[in-house]
2 protein chains.
Amino acid sequence: MSSLSIGQLAKQAGVAIDTVRYYERNALLPPAGRLASGYRRYGTTELKRLRFIRRAKALGFSLDDVRELLALSDEHDIAKVKRAAERKLGDIAQRIEELERIRAGLNTLVAACPGHGRAEACPILNALTLEQAP
Amino acid sequence: MSSLSIGQLAKQAGVAIDTVRYYERNALLPPAGRLASGYRRYGTTELKRLRFIRRAKALGFSLDDVRELLALSDEHDIAKVKRAAERKLGDIAQRIEELERIRAGLNTLVAACPGHGRAEACPILNALTLEQAP
DNA sequence: CTTGACTCCGGACCCAGGTCCATACTTCAG
DNA sequence: CTGAAGTATGGACCTGGGTCCGGAGTCAAG
């Protein structure tokens with residue numbers, strides 16, 4: 001126990017084997033220990049790290065962000081971790097705002113569209129077609 | 001007037017020349033008329049169509065969506081246009097929900113983080129590190 | 001006529017985040 | 001011992017939406 005092949009590790013972390021190797025190549029995981037045969041061997045440290053990556057991604061962090069987060073985590077710098085999380089929160093809020101604006105615009109058009117009749121009466125088509133600020 | 005080179009068209013539509021050719025290759029614009037020299041020539045129809053594409057993209061439609069919208073627009077099928085817009089509205093709503101969930105999760109963590117002290121006391125790091133549903 | 005700006009084309013390249021491939025070697029169950 | 005399943009490698013490929021490149025041909029002003 002606590003000694004895992006790459007396949008077991010991948011399965012327990014819920015990612016693909018290729019993804020594990022991809023993360024290693026891209027410095028999200030440290031170079032794995034090897035058996036005499038060249039096979040990679042992992043312990044619970046790597047499993048935790050891999051799950052950390054998965055969860056951080058689920059929270060909207062990019063792999064670059066995750067690399068940074070892992071470094072901060074390794075050096076126990078809570079203040080920087082918190083600031084990184086706040087920045088990400090700001091990013092996410094901005095993406096939401098952008099989508100909300102789009103939704104509001106599209107919603108207005110859909111609501112105003114009778115769904116039948118002449119094409120010239122369709123506000124959706126008109127909004128896309130008519131002359132406006134280029 | 002009303003006869004435009006690709007450069008003039010691109011400028012008036014607010015896109016790059018390469019983008020115009022890219023759209024033509026990908027059937028968002030019909031094959032352009034040509035001068036004897038092989039240079040493309042455009043009229044106001046193409047300018048309108050190009051602006052249509054720009055606006056639809058701004059509303060969150062992918063180029064595949066736009067192709068569909070243009071086809072529906074060409075055949076004056078208002079009902080289908082409205083349904084396509086409603087589907088897109090649903091997509092957008094879903095993306096917003098997803099981001100809201102992420103924001104809520106991250107926000108809770110950030111709010112609970114003191115920003116100093118032991119790494120074990122940082123809820124952000126803990127959330128990423130601790131054993132949970134894999 | 002010359003010069004600089006414009007346009008042509010096909011194909012390579014960019015971003016992120018992987019995924020897939022062929023070929024060769026290792027490990028494990030029976 | 002044998003055959004299936006697992007693993008190693010480097011590099012190609014994928015998605016979307018373009019962007020850039022180089023060499024060659026064209027257009028317009030002076």
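Below, chains carry the letters A, B, ... as their sequence lines are ordered, and counting in each starts from 1.
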(request) Could you walk me through whether A:Arg49 and A:Asp74 pass the salt bridge (Lys or Arg N to Asp or Glu O under 4.0 Å) test, one step at a time? (result) CA-CA 11 Å; A:Arg49 198 166 174 105; A:Asp74 286 351; 3.3 Å; yes
(request) For the side chain of B:Ser37, starting at C-beta, report the closest nucleotide among D:dC27, D:dG18, C:dT19. (result)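 Selected nucleotide (nearest to the side chain): D:dC27.
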(request) Look at the side chain of B:Ala16 and decide which nucleotide, out of C:dC20, D:dT19, C:dG17, has an atom nearest to it. (result)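 Shortest atom-to-atom distance from the side chain points to D:dT19.
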(request) In sequence, state the C-alpha distance, the side-chain angles, and the governing distance for B:Glu98 and B:Arg101, and then conclude on salt bridge (Lys or Arg N to Asp or Glu O under 4.0 Å). (result) CA-CA 5 Å; B:Glu98 168 77 4; B:Arg101 269 188 290 111; 2.5 Å; yes
Rounded to the nearest angstrom, tell me the gap between atom [atom1] in [X] and atom [atom2] in [N].
X	N	atom1	atom2	value
B:Gln8	D:dC27	CD	P	14 Å
B:Asp18	C:dC13	CG	P	16 Å
A:Leu28	C:dG18	CG	C1'	12 Å
A:Tyr22	C:dC21	OH	P	19 Å
B:Arg41	C:dC6	CZ	C1'	11 Å
B:Leu4	C:dC6	CG	P	15 Å
A:Glu24	C:dG17	CD	P	18 Å
A:Leu29	C:dG17	CG	P	15 Å

(request) Starting from the 5' end of DNA chain D, give me the residue, A:Arg25 or B:Gly38, whose nearest nucleotide shows up first. (result)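 With A:Arg25 and B:Gly38 compared, the 5'-side residue is A:Arg25.
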(message) So A:Ile17, base contact, sugar-phosphate only, or nothing? Heavy-atom distance under 4.0 Å.
(response)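 Sugar-phosphate contact only - A:Ile17 comes under 4.0 Å of backbone atoms but never of a base.
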Does a side-chain N or O from [X] land closer than 4.0 Å to OP1 or OP2 of [N], or not?
X	N	result
B:Arg34	C:dC9	yes
A:Arg40	D:dT9	yes
B:Tyr23	D:dG17	no
A:Arg21	D:dT9	no
B:Lys57	D:dG18	yes
B:Ser62	D:dG16	no
A:Ser5	C:dT27	no

(request) Could you pick out which residue, A:Leu35 or B:Ile6, lies toward the 5' side of DNA chain C when each is mapped onto its nearest nucleotide? (result)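 The residue mapped nearer the 5' terminus is B:Ile6.
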(request) Look at the side chain of B:Tyr39 and the base of D:dG25, then say whether one donor and one acceptor between them are separated by less than 3.5 Å. (result)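 When only heavy-atom distances are counted, B:Tyr39 does reach the base of D:dG25 through a donor-acceptor pair under 3.5 Å.
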(request) Would you indicate whether the side-chain heavy atoms of A:Glu100 and B:Ile92 approach each other to under 4.5 Å? (result)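 Of all side-chain heavy-atom pairs linking A:Glu100 with B:Ile92, none is under 4.5 Å.
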(message) I want to check something: taking the side chain as every heavy atom from C-beta on, are B:Arg51 and B:Gln12 in contact at a cut-off of under 4.5 Å?
(response)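 B:Arg51 vs B:Gln12: side chains touch.
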(message) Determine whether B:Leu99 and A:Arg95 satisfy the following criterion, side-chain contact (heavy atoms from CB on, under 4.5 Å), listing intermediate values before the conclusion.
(response) CA-CA 8 Å; B:Leu99 284 173; A:Arg95 280 195 274 162; 3.9 Å; yes
(message) Among B:Arg87, B:Lys80, B:Arg83, exactly one meets salt bridge (charged side-chain N to carboxylate O under 4.0 Å, His left out) together with B:Glu68. Which residue is that?
(response)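 Of the listed options, the one satisfying the test is B:Arg87.
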